[in-house]
Amino acid sequence: MSISTKYNPQETEEKWYSYWLDKHFFHSEPDEREPYTIVIPPPNVTGVLHMGHMLNNTIQDVLIRKARMQGKNACWVPGTDHASIATEAKVVAMLKEKGINKKDITREEFLKYAWEWKEKYGGIILEQLKKLGASCDWDRTRFTMEEDLSDAVINSFIHLYKKGNIYRGVRMVNWDPAGKTAVSDEEVIRKEVNQKLYYIHYHIAGTAKDILDETTCLTIATTRPETIMADSAICINPNDERYKHLHGKKVFVPLINREIPIILDDYVEMDFGTGCLKVTPAHDLNDYELGLKHHLPVIDILNDDGTLNDKAEILIGEDRFIARKKIAKMLEEAGHLQKVEDYKSQVGFSERTDAVIEPKLSLQWFSKMEELAKPALEEVLNGEVKLIPEKFINTYRHWMENVKDWCISRQLWWGQRIPAWYFQHEEPVVAKTKEEAIEELINRVPERRDWSEESKAGFRKQAEEFITQDEDVMDTWFSSWLWPISVFDGFKNPDNKDFNYYYPTNDLVTAPEILFFWVARMIMAGKEFTGKKPFTNVYLTGIVRDKLGRKMSKSLGNSPDPIGLIEQYGADGVRVGMLMSSPAGNDLMFDEAYCEQGRNFANKIWNAFRLVKGWEVDASLANPNEQAIAWFESRFSEALTEIEHNFKQYRLSEALMATYKLVWDDFCAWYLEMVKPAYQQPVDAATRAASVKFFEQILRLLHPFMPFITEELYHDELFGERGEMECCIVADYPTVGEVNEALLKEAELIKGLVSEIRNVRNTRQISPKEALALNIKINSDVVYDNWLNIVCKLANISKAEVVNDKVAGAAGFMVGKDEFFIPLSQNIDVEAEKERLIKELEYLQGFLKSVDAKLSNERFVQNAKPEIIQNERNKKADAESKIATIQESLAAL
RNA sequence: GGAGGAUUAGCUCAGCUGGUUCAGAGCACCUGCCUUACAAGCAGGGGGUCACUGGUUCGAACCCAGUAUCCUCCA
């Protein structure tokens, strides 16, 4: 039977993924085993898989698969979040295509369309995760807008409101004029932008009307000339000598000639611009504060969509950016524009719509953060929740100590509607239903409580008709922060079996970008609603960048299509590629070459398998490979120890690299070459059994990284019959056995010896087919007898002999303390040999000198630890004996 | 402007509490090989003043100070 020399991932992947699903290997139910739980950072329901998801979910899958194989009850809960802004934007766009304007339909109709859209397009990303091999418990898939999770959101709003942690107030918020909603600070992306700084003359009241010069006007510098109509004052620094004459004066806003005062405040920097600042409380956060301090009126000239309203008096209905251009021209024509300069500054953009964020005053709901932040900070500082890598603790602390209140309302329809009710001009009532709200209206006023039942009924009827619910929905993060609790129905039924068993979860794998507005808030919610942390370890991955170090983004078009990568290199190859380049917490410079390396690795495993599978057994043969088998057994345990150590520290790329080297170098390049029978010769039963056993251990070790190829090979008849539930995915993960240090050390010397012989061949252009003789002069206590067979096989040595004296006219070299000679048919190049030896000698002499320097230094001998001094003495003795050997060789030449 | 982090081979990164001449891995590179498991491979090899300048120390890639460059977060 012949198997292809190339591993073909496609069919394998599909076959085994559906097999795993069929047999419910991903599904978890509480039982007596130790749980190991991960909740997925719910991707945006509108999203498609990008490289960040690939990395993030590969890591989660490696962790969950390993835990599963280690006998834990592994549960990885998947799901998506409803992404208010993004989804609403998609739905609005879809409606627009159908010729429907959102304004023309009711909230209910809109939501119907939105759900339709979600059912149809939402969840693509979850399907894509399956291609990657993600072993999520799909039976537990949750969605942040489903009924139970929405209830949790609304109930926790009510809970926090009752505790006084939620309030409604007018604040300056980040307004997204395209999405027509407030967005949180975290959803604003600041970018440096080339702008213009406009220098505008304001006429001073009481001076000559028709002249514009130093005596009749002052000049301000602004990047936003379109907001001059919203000016409430001009502010100057009281200490500014240049403007002393202006104290107490008034000026006219150009074009509309509204009179505004000049105020004094040392907030103004004298050396920025002209030292005169226009104060526009409605459209700038700092100006707003200044306005409060000086009791200035707030003139809001912008509509929600970023166009000018009638308060602007001019350019009504124009977009803010068009208005900016037009007003510059109008100012110029009126002689009010002194000059325009280029200017660079930071501008905020909406993460979702990329519109320039407008600071806007509005009435919003806020959640107080200070009280919630305290225990959440404590939890991280005392190590109850571990951040990996630790460097993020500082950033976390800084943020938690300076936390600002969280604006949780959004002017959208897609999301959980705020459970606040308005009746006439009364204070809003927070309640889950209209009925409860009405009862609350009655109960909160003493005289209403005393009403007769009849009066109450009348009131109810009236309230029923006129009470209205808040139009806004809650921020999507107000759902996400409950995720680890709500996916296990910890709100609906806090004492349920799942919640008790799986919560708190073990590991959370996410990006550092959302450390604050997701991770921190989950810890807050955990403490607030359950009294417990939501997870123990937070593994923060790096950002996936391209090989030039640029962040991958749609607009740059520098992100490869993940599914395309999987098709090209196989899921296993891509997983290996992602992890290979991803040290914990550092950004990764992604390069497709890593995936290629992963694919090659899969192919290597495939071909090693072909070799072992092809062996025929001759039961009559004795086992000539005991040494090799004993060595690999030790080596495997040694490597496994290192791998486990790396896993403990979440150094997945290093764990993978150690595995890679164990498989490729130790198993394929050394072990298999040691034991493989000559061409078309049979193998003995013991060697085959040992090799098959090793191979199976290797498949298990590799499975978390490369689930598909390992599962495929695991089921080969080479390993005997497998029951239908006997799969690699649930096989026992290897455990560390005995390690024979001495054996490992000797093997390293032997590998060095083989390399040296091959080097002799290579430098002298001797074909590997030409067998050579080897003479060994032993100066150490290495037992070469045990290794000679292996050396002969690997280096094509026809005859290996121990000698007592140096062999003249042969190629010679040293490994450790021992000397080796290879008699050659051709004459050896004495000069070259001499040169080589002299070089070696010089090196050793230099080495000896440095060791001697240390040992003759009294302070070293006094201060250094005894074992270090002993070590130096050993080095000295070693070097001296080697030097003697080389000097003898030189003399013999 | 504030906080944190980084700088080691052509590239991406290891290097734990200072102690082998300590400078290491993978990839890339060079040379030779279609050696019947694998050219998606095999064998061998060459690459580095550990950003710079000082300091502490018997001893520094590692600790300290300063300089330069870059990144991230916050304002």
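Bear in mind the structure is a predicted one, so any value in this text is a computation, not a measurement. Protein chains get the first letters and strands the later ones, always in sequence-line order, with residue 1 at the start of each. These numbers come from the heavy atoms of this one structure, side chains and all, not from hydrogens, waters or symmetry mates.
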Whole-angstrom distance between [N] and [M], as gauged at atom [atom1]:
N      : M      : atom1 : result
B:rG26 : B:rG44 : P     : 12 Å
B:rC22 : B:rU69 : C1'   : 27 Å
B:rG46 : B:rU31 : C1'   : 10 Å
B:rA37 : B:rC42 : C1'   : 12 Å
B:rC58 : B:rC52 : C1'   : 26 Å
B:rA51 : B:rG15 : P     : 15 Å
B:rC13 : B:rG48 : C1'   : 14 Å
B:rC64 : B:rU49 : P     : 25 Å

Would you call the rings of [X] and [Y] parallel, tilted or perpendicular, where under 30° means parallel and over 60° means perpendicular?
X        : Y        : answer
A:Phe601 : A:Trp664 : parallel
A:Phe609 : A:Phe719 : tilted
A:Phe632 : A:Phe667 : tilted

In whole Å, what is the span from the [atom1] atom of [X] to the [atom2] atom of [N]?
X        : N      : atom1 : atom2 : answer
A:Asp852 : B:rU20 : CG    : P     : 17 Å
A:Gln862 : B:rG59 : CD    : C1'   : 14 Å
A:Glu858 : B:rC58 : CD    : C1'   : 11 Å
A:Phe860 : B:rG59 : CZ    : P     : 11 Å
A:Lys875 : B:rG59 : NZ    : P     : 15 Å
A:Ile393 : B:rG5  : CD1   : P     : 12 Å
A:Asn394 : B:rU72 : CG    : P     : 19 Å
A:Leu848 : B:rU20 : CG    : P     : 17 Å

Is a side-chain donor or acceptor of A:Glu756 paired with a backbone partner of A:Val815 at a separation under 3.5 angstrom?
no
So that I can tick it off, tell me whether [Y] and [X] are bridged by a salt bridge, with the cut-off set at under 4.0 angstrom between side-chain N and carboxylate O.
X        : Y        : answer
A:Lys693 : A:Glu696 : no
A:Lys751 : A:Glu748 : yes
A:Glu717 : A:Lys613 : yes
A:Glu880 : A:Lys876 : yes

Report yes if at least one side-chain N or O of A:Ser850 is closer than 4.0 Å to OP1 or OP2 of B:rU21; otherwise report no.
yes
Checking contacts here: which listed nucleotide ([options]) is nearest the side-chain heavy atoms of [X]?
X        : options                : value
A:Phe516 : B:rC73, B:rG19, B:rC27 : B:rC73
A:Arg545 : B:rU21, B:rC71, B:rA75 : B:rC71
A:Met657 : B:rG26, B:rC73, B:rU21 : B:rG26
A:Tyr843 : B:rU21, B:rG26, B:rC73 : B:rU21
A:Lys404 : B:rA75, B:rG32, B:rU20 : B:rA75
A:Lys854 : B:rU12, B:rU21, B:rC73 : B:rU21

If you look at every strand shown and take non-hydrogen atoms under 4.0 Å, does A:Glu513 touch a base, only sugar-phosphate, or nothing?
nothing
Reckon A:Gly846 touches a base, only the sugar-phosphate, or nothing at all at heavy-atom distances under 4.0 Å?
base
For RNA chain B, produce a single dot-bracket line, 5' to 3'. Pairs: Watson-Crick or G-U wobble, both distances under 3.5 Å. Symbols: ( ) within strand, [ ] crossing, | other strand, . unpaired.
(((((((..((((.....[....)))).(((((.......))))).....(((((..]....)))))))))))).
Criterion side-chain contact (heavy atoms from CB on, under 4.5 Å) against A:Val385, the qualifying member of A:Val538, A:Ile393, A:Asn537
A:Val538
Atom pairs and distances, donor-acceptor, side-chain atoms in residues 591-600 of chain A, under 3.5 Å, two or more places apart:
{"from": "A:Asp591", "atom 1": "OD1", "to": "A:Ala593", "atom 2": "N", "distance (Å)": "3.1"}
{"from": "A:Glu592", "atom 1": "OE1", "to": "A:Tyr569", "atom 2": "OH", "distance (Å)": "2.9"}
{"from": "A:Gln597", "atom 1": "NE2", "to": "A:Tyr660", "atom 2": "OH", "distance (Å)": "3.4"}

For A:Gln765 and for A:Glu842, find the nucleotide of RNA chain B with the closest heavy atom, then tell me which residue's nucleotide is more 5'.
A:Glu842
Crowded around A:Gln862 CD? As in, over 12 foreign heavy atoms under 6.0 Å?
yes
Would you mind calling B:rG66 syn or anti? Take O4'-C1'-N9-C4 for purines or O4'-C1'-N1-C2 for pyrimidines, and syn is within 90° of 0.
anti
Reading nucleotides 34-44 of chain B from the 5' end, what letters show protein touch, with B for base, S for backbone sugar-phosphate only, - for no heavy atom under 4.0 Å?
-SBBB-BSSBS
